[in-house]
J.: 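Supplied in structure tokens, the structure appears directly below.
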Amino acid sequence: MLGKKKQKPRRPTGHFDTLISSRTTVEGDVHFSGGLHVDGRIRGKVVADEGTDAVLRVSEVGEVTGDINAPHVIINGTVNGDVYASAHLELAEKASINGSVYYNLIEMAMGASVNGNLVHQREPVGLLSQDAKAAGSVQKQASAGDQTPESEDGGKSE
């Protein structure tokens, strides 16, 4: 009709190499590349291979108990753990996340819920998740060792 723009198809709607069906429960970490569609349950981390343009889709009946780390993530089911999406995160209307969400670009439908923090990050998430703890401890040590007294008026100068 008039005034309506055609939406271009989103990248993650493509080919999915692996399916975890609704009658399947996987216990342990899952490492993948390409596309992974989850209708069943995963109890463990779900990690995309670094340097790939991998897509993870958790359907309405899918459930992941563990952290997710992938460039493109589409969730319409339940996730009990943190989600790290370095490129694009889509939360559909029945998405339920109990954990923090680290994203670069987010799309959230009405009805989706996140019980945790939403943290915007521009750098690749894989590096942040591993290096953040090390950098944080180095910064704490440096700031504890570099205690230079400021002027007695609280740093205010006239």
Side-chain angles (χ1 to χ4, degrees), residues 1-140:
M1 296 282 209
L2 296 176
K4 288 194 175 185
K5 295 180 182 177
K6 285 189 177 181
Q7 291 182 346
K8 59 182 178 179
R10 291 177 239 149
R11 190 258 178 247
T13 59
H15 177 70
F16 286 88
D17 305 310
T18 306
L19 166 68
I20 297 177
S21 76
S22 59
R23 296 182 180 186
T24 304
T25 299
V26 176
E27 299 211 12
D29 295 349
V30 176
H31 296 268
F32 74 100
S33 61
L36 172 62
H37 181 91
V38 179
D39 282 338
R41 291 187 173 141
I42 297 176
R43 292 188 183 122
K45 293 181 185 177
V46 180
V47 181
D49 293 340
E50 287 191 37
T52 63
D53 201 26
V55 179
L56 168 69
R57 180 166 53 194
V58 180
S59 76
E60 184 176 321
V61 294
E63 181 179 336
V64 175
T65 302
D67 293 349
I68 293 174
N69 191 340
H72 300 278
V73 181
I74 304 167
I75 299 174
N76 197 21
T78 304
V79 175
N80 295 305
D82 294 343
V83 177
Y84 301 87
S86 59
H88 178 252
L89 171 66
E90 180 180 334
L91 301 178
E93 61 185 19
K94 295 189 179 179
S96 174
I97 299 176
N98 297 307
S100 295
V101 174
Y102 301 87
Y103 65 93
N104 183 14
L105 178 67
I106 190 168
E107 182 177 344
M108 191 169 180
M110 190 175 0
S113 68
V114 175
N115 187 11
N117 295 322
L118 290 172
V119 182
H120 180 254
Q121 297 182 337
R122 293 175 190 242
E123 289 89 26
V125 177
L127 298 174
L128 290 174
S129 63
Q130 295 171 358
D131 296 340
K133 294 176 186 172
S137 63
V138 169
Q139 287 176 350
K140 287 180 185 175

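Below, each value reflects all heavy atoms present in this structure, side chains not excepted, and no hydrogens, waters or symmetry copies. This is a predicted model, so every value here is computed, not measured.
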J.: Decide yes or no on side chain to side chain contact (heavy atoms under 4.5 Å, CB included) for Glu90 and Val73, but give the supporting numbers first.
T.: CA-CA 6 Å; Glu90 180 180 334; Val73 181; over 6 Å; no
J.: Taking all atoms of both residues into account, what is the closest heavy-atom pair of Ala109 and Ala92, and its distance?
T.: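 The pair with the smallest heavy-atom distance is CB-C, 3.9 Å.
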J.: Between CG of Leu91 and CD1 of Ile75, what distance do you get to the nearest 0.5 Å?
T.: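 Between Leu91 CG and Ile75 CD1, I get 5.5 Å after rounding to 0.5 Å.
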J.: Check step by step if side-chain hydrogen bond (donor to acceptor under 3.5 Å, both in side chains) holds for Ser59 and Asp39.
T.: CA-CA 5 Å; Ser59 76; Asp39 282 338; 2.5 Å; yes
J.: Can you list the steps and then say if Ile74 with His72 is a side chain to side chain contact (heavy atoms under 4.5 Å, CB included)?
T.: CA-CA 7 Å; Ile74 304 167; His72 300 278; over 6 Å; no
J.: Going from CG on Asp67 to NZ on Lys45, what distance comes out if it is rounded to the nearest 0.5 angstrom?
T.: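 Rounded to the nearest 0.5 Å, the CG-NZ separation comes to 6.0 Å.
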J.: Could you measure the distance from the CG atom of Leu89 to the CD1 atom of Ile97? Nearest 0.5 Å is fine.
T.: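 So the gap between those two atoms works out to 6.0 Å.
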J.: Is there a side-chain contact between Ile20 and Val26 in this structure, where contact means two heavy atoms from C-beta onward sitting under 4.5 Å apart?
T.: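 Side chain of Ile20 against side chain of Val26, heavy atoms only: contact under 4.5 Å found.
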J.: Nearest 0.5 Å please: distance from the CG atom of Asp53 over to the NE2 atom of His88.
T.: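 One finds 12.0 Å between CG of Asp53 and NE2 of His88.
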J.: Testing the basics here: between Glu93 and Met110, what is the closest heavy-atom pair and its distance to 0.1 Å?
T.: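 Closest heavy-atom pair between Glu93 and Met110: CB-O, 3.4 Å.
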J.: Under the side-chain hydrogen bond (donor to acceptor under 3.5 Å, both in side chains) test against Asn98, which residue among Thr65, Thr78, Asn80 passes?
T.: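 When side-chain hydrogen bond (donor to acceptor under 3.5 Å, both in side chains) is applied between Asn98 and each of Thr65, Thr78, Asn80, only Asn80 qualifies.
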J.: Within the structure provided, determine whether Val46 and Leu36 are in side-chain contact (heavy-atom separation under 4.5 Å).
T.: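 A side-chain contact under 4.5 Å exists here.
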J.: Under the side chain to side chain donor-acceptor pair (under 3.5 Å) rule, collect the residues that match up with Glu60, sequence neighbours excluded.
T.: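 Testing Glu60 for side chain to side chain donor-acceptor pair (under 3.5 Å), a comparison that skips the adjacent residues, returns Lys94.
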J.: For the residue pair Asp17 and Ser33, what are the closest heavy atoms and their distance?
T.: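 Closest approach of Asp17 to Ser33, heavy atoms only: OD2-O, 3.8 Å.
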J.: What is the ring orientation for Phe16 with His37, classed by angle as parallel under 30°, tilted 30 to 60°, or perpendicular over 60°?
T.: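 Judged by the thresholds at 30° and 60°, the geometry between Phe16 and His37 is perpendicular.
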J.: Find the distance between CD1 (Ile106) and CG (Leu118) and round it off to the nearest 0.5 Å.
T.: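 Reported value, rounded in 0.5 Å steps: 5.0 Å.
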J.: Looking at residues at least two apart in the chain, or sitting in another chain, which of them share a side chain to side chain contact (heavy atoms under 4.5 Å, CB included) with Asn117?
T.: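 Partners of Asn117 by the side chain to side chain contact (heavy atoms under 4.5 Å, CB included) criterion, ordered by chain and then number, come out as Ser100, Val119.
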J.: Show, in sequence, the C-alpha distance, side-chain angles and deciding distance for Leu56 and Phe32, and conclude whether the side chain to side chain contact (heavy atoms under 4.5 Å, CB included) test is met.
T.: CA-CA 9 Å; Leu56 168 69; Phe32 74 100; 3.8 Å; yes
J.: Calculate, to the nearest 0.5 Å, the distance between atoms OG1 and CD belonging to Thr25 and Glu63 respectively.
T.: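 Going from the OG1 atom of Thr25 to the CD atom of Glu63 covers 9.0 Å.
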J.: Determine, stepwise, if the pair Asn104 / Gln121 fulfils side chain to side chain contact (heavy atoms under 4.5 Å, CB included).
T.: CA-CA 5 Å; Asn104 183 14; Gln121 297 182 337; over 6 Å; no
J.: Grab the two heavy atoms, one from Ser86 and one from Pro71, that are nearest each other, plus how far apart they are.
T.: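 That closest heavy-atom pairing would be OG-CA, 3.2 Å.
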J.: With a 3.5 Å distance limit and no angle check, can you tell me whether Asp29 reaches the backbone of Gly44 through a side-chain donor-acceptor pair?
T.: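 Pair absent, no side-chain N/O of Asp29 close to backbone of Gly44.
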